[in-house]
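Before any comments, here is the structure.
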Amino acid sequence: MDKNLFLNDLKLLETENKSAVQLYNEISALAMHRLQASAKKGKCAHYLSIEFLIGRVFYNNLLELGVLEETAKILKKKGVDISVFEEIEDAALGNGGLGRLAACYLDSGAAVGVPLYGYGIRYKFGLFRQKFENGFQIEMPDDWQRFGDPWSVRREHERQVVHFADMDVEAVPYDMPIAGKRVNVLRLYQAEGSESAEKISGVLYPADDTEEGKLLRIRQEYFLSAAAVGDIVKEHERLHGDLASFAQYSAVQLNDTHPVFAIPELIRVLVKKGVSYVGAVKIAKETFDYTNHTILPEALECWDARLVRKILPDIAGILRALSDTQARLHKKRGYTRAEIEQTAIYQPKNQTFSMANAAVFVADKVNGVADIHSEIIKRKLFAAEYRHMPEKFTNVTNGVAQRRWLMLANPELCALIDRRIGKEWRQDFEKLSEFGHFICEQKTISEFIAVKREKKNQLFSHIAKQEKTQMNGERMVYAQVKRLHEYKRQLMTAFALVRLYRDLKENKLPDFTPSLFLFGAKSAPGYARAKGIIKYINEIIAKIDADDAVRGRLAGVFVTEYNVSYAEKIVAAADVSLQVSTAGLEASGTGNMKFMMNGAVTLGTMDGANIEIVEKAGEKNNYIFGARVEEIERLRAGGYDPAAYLKDHPEWAKIAETLVDGTYSDGGTGIFRELYDSLLVGASWHKPDHYFIFRDIEEYYQAILRANADYAQRERFAEKQLKNVANSAYFSSDRSVLEYADKIWHIQKDER
Ligand code: 26Q
């Protein structure tokens, strides 16, 4: 883009008497007008994802275009503060890590010059907006388009028809340019044509507890897959003609199993165009790669074959054929009968299609998202495939876009880094490590402490506005912000908070540094226990807040409507990043990286990317506690008994009792009792304390206290924090995307 053309347009823009929304739309349009997608040369990668958690694009795009500062200046001259656009909502077409990762990867692909194209669904409603009523989560629809969608272009003439047995659906693409060294495109499809067609792009993850819900989910997944495959094939034919060369020009990354219908769909399309079935399978095998993001059994998709057959008979047929092909091949390769059963795409026992097995069978490369996770995949989840085809498996540790998560989120810290090492690191993030030479300097330390104070003040004034809670800047800030899930163990933090409250009240912690525990999380609407945990935390916070004797030393805030923009403020302000999942269960985590970059120490378990964070920044600069994955596996196999731990630690037993002894009220819903039972009796199909809270809680509490005591020596603590900043370069998604390009897609980046 020619920056000057844009800036000239901007200078001519009339701003008087225009609302923020109007200006937002007009300025965005000026930038869009000057943006043109880069030409496709050579091989391209396509990233298929059911979620894209883009967040606010306005500032990010201007930053990527290199005009953010100038724009702010020009607007200021016209009397407009650029921060007015913060009132425009984020596009939350995703719910967590997997969707945010997709957004960071697109950002990085463009920034480093890798031709990487996103394909997703343009949901009418994003992830619900959250409110609390009496401490309970309330969900409201997120009509994100009400401010307009100036960063997308509807491509009317590139619409396609997606066929289901009972209806045809129009897939209309909306293109969002992703600017950087090159301009890539995120193409989101909207379903049109009839009322039932429109439902397909209605909401993210519709409830699937009924047959109708399951069918809708299958329709969504196929809709995305078919539209993307149709588009990629058409583009290939336009640019290269011959389908035999398809895989030479296209890599398709399956972001978890949701877009796995793209596999049978590509085979279907190729066969229809005259390629043999065997030839089509071969092309598919060279085209697809698969990233796994979770090992939780309940998240591994298995679709009822009957349902797939009902609305997608051809696709069901191809999946069956593929499963037969697979069985023959595996037999030939010497898989045992048990291995053949485990890896089978079609599972005859329950008549389902295992989408993960389809992905693993066809994918050229299968990767996990952090070292430990990739090892678990090889050792456990896909052990049989790994035994026979070890070369298929690889790791790419996740990363995050430093442009959003450091440069936009924390310009104050960036300015400090600039003052020490110049500005080059902004283009070449690895250079950030040079900052390491300066972090023991008194001057750097005091400036860093001032930056943290400033970021806390900014966060606290935002919190004051949003949550009507006052806070001052002289507090240590512990933060746990992420999706609400039992394995992430927000409940364990809640117990620790109750303990802190009690110990402070009984004056057992005379030297405790005043602290804030910050929570942010949305619970899936149908996930009762997760919602119970939110209510429990809100009850605890309310009790502390009402207690004059403790309030000054301990506070909690559960922010409402936690989203990408809130996260930007929280990661910049926090001192301690709480990453306390049961070892082995958090595939990677990416919030942990965002906090690290901004100078929070990690207080967490040896899980996901925490391990690599600690490896880079040093264990002594972070706070590691809890059972390692080997111990968890032993406990799981050998009859873990939470009651035994509680016998040794009666104080924790008493705290667990607060779920049922009337200390906190669940408003008569019975959900606290259900949580209590899940820990001590076992509930649903799980054994008691399935996530090993009582194994880890005492160590967790001690780690919280250790960090708190260390913080009293503010400058020593700041050094630890700075060590984390200086060693965070590895966690840039620029590095991740280049690894994908190199190891998995075999794509060159643009050399310009
Ligand atoms: C599956 C079946 C039925 C219904 C829903 C799902 C489902 C939906 C969403 C399964 C998984 C997800 C999302 C998973 C996710 O966000 N995983 C996170 O991915 C991040 C990026 O790799 C990691 O950093 C996190 O550790 C991982 O939890």
Side-chain angles (χ1 to χ4, degrees), residues 47 49-53 92-105 120-121 127 203-210 213-214 216-218 220-221 224 253-260 290-304 307 352-356 359 366-374 376-377 395-401 405 481-489 521-527 530 564 567 577 579-596 604-605 607-613 731 733 736-737 740:
Y47 202 85
S49 179
I50 202 90
E51 300 186 26
F52 279 94
L53 228 190
L93 306 184
N95 92 81
L98 166 150
R100 185 52 233 174
L101 187 78
C104 282
Y105 282 3
I121 297 179
L127 182 62
V203 294
L204 175 70
Y205 301 127
D208 64 354
D209 44 2
T210 60
K214 286 192 179 67
L216 181 54
R217 285 280 302 282
I218 296 172
Q220 284 192 326
E221 295 187 354
L224 162 62
Q253 191 70 38
L254 301 169
N255 198 29
D256 220 291
T257 54
H258 318 115
V260 166
Y290 159 61
T291 306
N292 174 279
H293 295 267
T294 180
I295 63 155
L296 293 184
E298 59 269 34
L300 294 175
E301 291 186 298
C302 285
W303 287 122
D304 186 340
L307 293 182
T352 55
F353 293 119
S354 157
M355 303 311 270
V366 174
N367 75 289
V369 290
D371 287 341
I372 182 183
H373 170 62
S374 295
I376 292 174
I377 282 180
N395 171 252
V396 181
T397 297
N398 284 167
V400 302
W405 295 106
V481 291
K482 47 187 73 254
R483 286 179 296 144
L484 212 129
H485 203 291
E486 285 163 283
Y487 85 83
K488 294 176 185 280
R489 300 199 292 190
K522 288 182 182 178
S523 155
Y527 189 174
V564 174
S577 149
Q579 308 295 341
V580 303
S581 51
T582 314
L585 295 185
E586 187 67 271
S588 162
T590 44
N592 46 5
M593 303 170 183
K594 296 162 196 168
F595 280 107
M596 179 200 197
T605 48
D607 198 18
N610 297 353
I611 299 175
E612 290 158 77
I613 285 175
F731 301 103
S733 46
S736 311
V737 164
Y740 276 94

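The chain is numbered in sequence order, starting from 1. Because the structure is predicted, anything quoted here is derived from the model rather than measured. Side chains are part of it too, since the values below use all heavy atoms of this structure and drop only hydrogens, waters and symmetry mates. Counting starts at 1 for both ligands and their atoms, in listed order.
Tested against Glu586, the residues Lys482, His485, Lys488 include a single side-chain hydrogen bond (donor to acceptor under 3.5 Å, both in side chains) partner, Lys488.
Residues satisfying the salt bridge (Lys or Arg N to Asp or Glu O under 4.0 Å) test with Glu486, not counting sequence neighbours, are Arg529.
With no hydrogens or angles considered, a side-chain donor-acceptor pair links His293 and Asn255 at under 3.5 Å. No side-chain N or O of Asn398 forms a donor-acceptor pair with one of Thr590 less than 3.5 Å apart.
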Q | Chi angles and distances behind the side chain to side chain contact (heavy atoms under 4.5 Å, CB included) call for Ile121, Leu93 | A | CA-CA 8 Å; Ile121 297 179; Leu93 306 184; over 6 Å; no
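The CE atom of Met355 sits 9.5 Å away from the CG atom of Leu254 when rounded to the nearest 0.5 Å.
Within 4.0 Å of ligand 1, the residues that place a heavy atom are Glu51, Gly97, Leu98, Leu101, Tyr205, Arg217, His258, His293, Ala299, Glu301, Val369, Asn398, Arg483, Tyr487, Glu586, Ala587, Ser588, Gly589, Thr590, listed by chain and number.
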